[in-house]
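Just so we're on the same page: letters track the sequence lines, and every chain starts at 1.
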Number of protein chains: 2
Amino acid sequence: MDRLPETISRELKAARLRRGWSQAEVGKQAALPQTHISGIETGRIVPRFDTLLDLVRVLGMDLVLVPQSLVPAVNALVRDSHTGKASERPLYAADDDDDGDAS
Amino acid sequence: MDRLPETISRELKAARLRRGWSQAEVGKQAALPQTHISGIETGRIVPRFDTLLDLVRVLGMDLVLVPQSLVPAVNALVRDSHTGKASERPLYAADDDDDGDAS
DNA sequence: CGTTTCAATATGTGATTTTATATATATATG
DNA sequence: CATATATATATAAAATCACATATTGAAACG
């Protein structure tokens, strides 16, 4: 059942604790009651997409749509940034402003 | 504004058309009625996170949680894979099948 | 040209389920 | 006790589902 946001729930909680915030504090910033944060983190309720997006962004993260084939690469990129290895890579040195639209 | 999944909606539709699938076809694979696909694509309804995840995965994509600071890099990575520039990088070689239309 | 058929898409109604919200409370844990 | 977290109601709003139907667009035909 990896279609359940159970992973997301854990990552949300981890990100929150990483910042040393309480559920009430996160809830206040995302305009959500603490009980809701609790329900989402425990996986008891599956949030709407916009709700999750608010939460995620309050925690300094974002949800990005990527091709399945690139998921490993993206995960590696994120992991590298954690370990500090990203400094060796002039990744987006050139400006990259997201037009985000490829019609 | 941009917390609405309006961008997601457009990308969902684009990905669907890229594959030449009808809403009914996508709905069948994601176990959703065609009317829902329509509502989501037109932005009339905001899906739950798990629903959106099902849809996204049926379309060969995924939603990845990344730090906001890495979003530009991730977008660049995705863009490069589209334009074929990824060839310099022997990452995970498989190039996603979105070659656009075939007709 | 008009209209008929057909596929794809969008919209509508009603019922069911679930999130979202507010409030109160229980259970830790220090 | 005070704080943080989880759970329990109750209400309102919205998604989900199934069905029907309208709209659009294209192709075929008289």
Side-chain angles (χ1 to χ4, degrees), chain A residues 1-65 101-103, chain B residues 1-65 97-103:
Chain A
M1 334 221 210
D2 55 350
R3 50 196 260 277
L4 284 202
E6 151 190 332
T7 308
I8 290 283
S9 301
R10 266 187 294 122
E11 295 197 66
L12 283 179
K13 180 167 188 175
R16 178 176 61 81
L17 296 180
R18 217 177 293 136
R19 302 211 159 196
W21 290 347
S22 68
Q23 291 181 342
E25 205 149 355
V26 171
K28 188 170 128 197
Q29 294 186 61
L32 295 173
Q34 174 265 328
T35 59
H36 216 154
I37 310 291
S38 169
I40 293 174
E41 282 189 358
T42 57
R44 219 171 52 252
I45 67 185
V46 178
R48 259 193 279 146
F49 177 64
D50 58 347
T51 301
L52 178 62
L53 208 49
D54 284 346
L55 243 172
V56 154
R57 286 177 175 168
V58 158
L59 292 170
M61 299 183 296
D62 212 333
L63 282 172
V64 184
L65 194 63
D101 179 60
S103 56
Chain B
M1 314 274 267
D2 59 352
R3 50 197 259 276
L4 284 200
E6 152 191 333
T7 308
I8 290 281
S9 302
R10 265 187 296 124
E11 295 197 66
L12 282 180
K13 180 167 188 176
R16 177 176 62 81
L17 295 180
R18 224 177 288 137
R19 303 211 159 196
W21 291 347
S22 68
Q23 291 180 343
E25 206 151 354
V26 170
K28 189 170 130 197
Q29 294 187 60
L32 294 174
Q34 173 264 329
T35 58
H36 259 249
I37 310 293
S38 170
I40 293 173
E41 282 189 358
T42 57
R44 217 171 55 251
I45 69 183
V46 178
R48 264 193 278 149
F49 177 63
D50 59 345
T51 301
L52 178 62
L53 208 49
D54 283 347
L55 242 173
V56 155
R57 286 178 175 168
V58 158
L59 292 170
M61 299 183 296
D62 212 333
L63 282 171
V64 185
L65 193 65
D97 63 327
D98 68 323
D99 49 2
D101 74 302
S103 57

Check the interface with nucleotides 12-21 of chain D: list each N/O to N/O pair with the protein under 3.5 Å, or write none.
| residue | atom | partner | partner atom | Å |
| --- | --- | --- | --- | --- |
| D:dA15 | OP1 | B:V46 | N | 2.8 |
| D:dA15 | OP1 | B:V46 | O | 3.3 |
| D:dT16 | OP1 | B:R48 | N | 3.0 |
| D:dT16 | OP1 | B:T51 | OG1 | 2.5 |

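- For residues 24-39 of chain B, the side-chain hydrogen bond (donor to acceptor under 3.5 Å, both in side chains) pairs, not counting sequence neighbours, are B:Q23-B:Q34.
- Sorted by first then second residue, the salt bridge (charged side-chain N to carboxylate O under 4.0 Å, His left out) pairs that include residues 32-42 of chain B, not counting sequence neighbours, are B:R16-B:E41.
- If you check every strand for non-hydrogen atoms under 4.0 Å, B:S22 touches sugar and phosphate atoms only.
- Side-chain contact check for B:L63 versus A:L65: some heavy-atom pair is nearer than 4.5 Å.
- Taking every heavy atom of both residues into account, B:W21 and B:V58 meet most closely at CZ3-O, 3.5 Å.
- Among the candidates B:T7, B:V26, B:L52, the single residue satisfying the side chain to side chain contact (heavy atoms under 4.5 Å, CB included) test with B:L12 is B:L52.
- Under the side chain to side chain donor-acceptor pair (under 3.5 Å) criterion, A:T42 pairs with A:R44, sequence neighbours left out.
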Taking only nitrogen or oxygen atoms into account, show me every contact under 3.5 Å that the protein makes with nucleotides 23-26 of chain D, one pair per line with its distance.
none

Margin query: Could you go through A:L55 and A:I37, starting from their C-alpha distance and side-chain angles, then the distance that decides it, and tell me whether this counts as side-chain contact (heavy atoms from CB on, under 4.5 Å)?
Written below: CA-CA 9 Å; A:L55 243 172; A:I37 310 291; 4.1 Å; yes
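- One distance of note links CD of A:E11 with CG of A:L59; it measures 11.0 Å at 0.5 Å rounding.
- Between B:L32 and B:D54, every side-chain heavy-atom pair lies at or beyond the 4.5 Å cut-off.
- Looking at B:L53 and B:D62, their side chains come closer than 4.5 Å, going by heavy atoms from C-beta outward.
- On the nucleic acid side, DNA chain C contacts chain B at distances under 4.0 Å to non-hydrogen atoms, with the end points of that region at C:dT9 to C:dT19.
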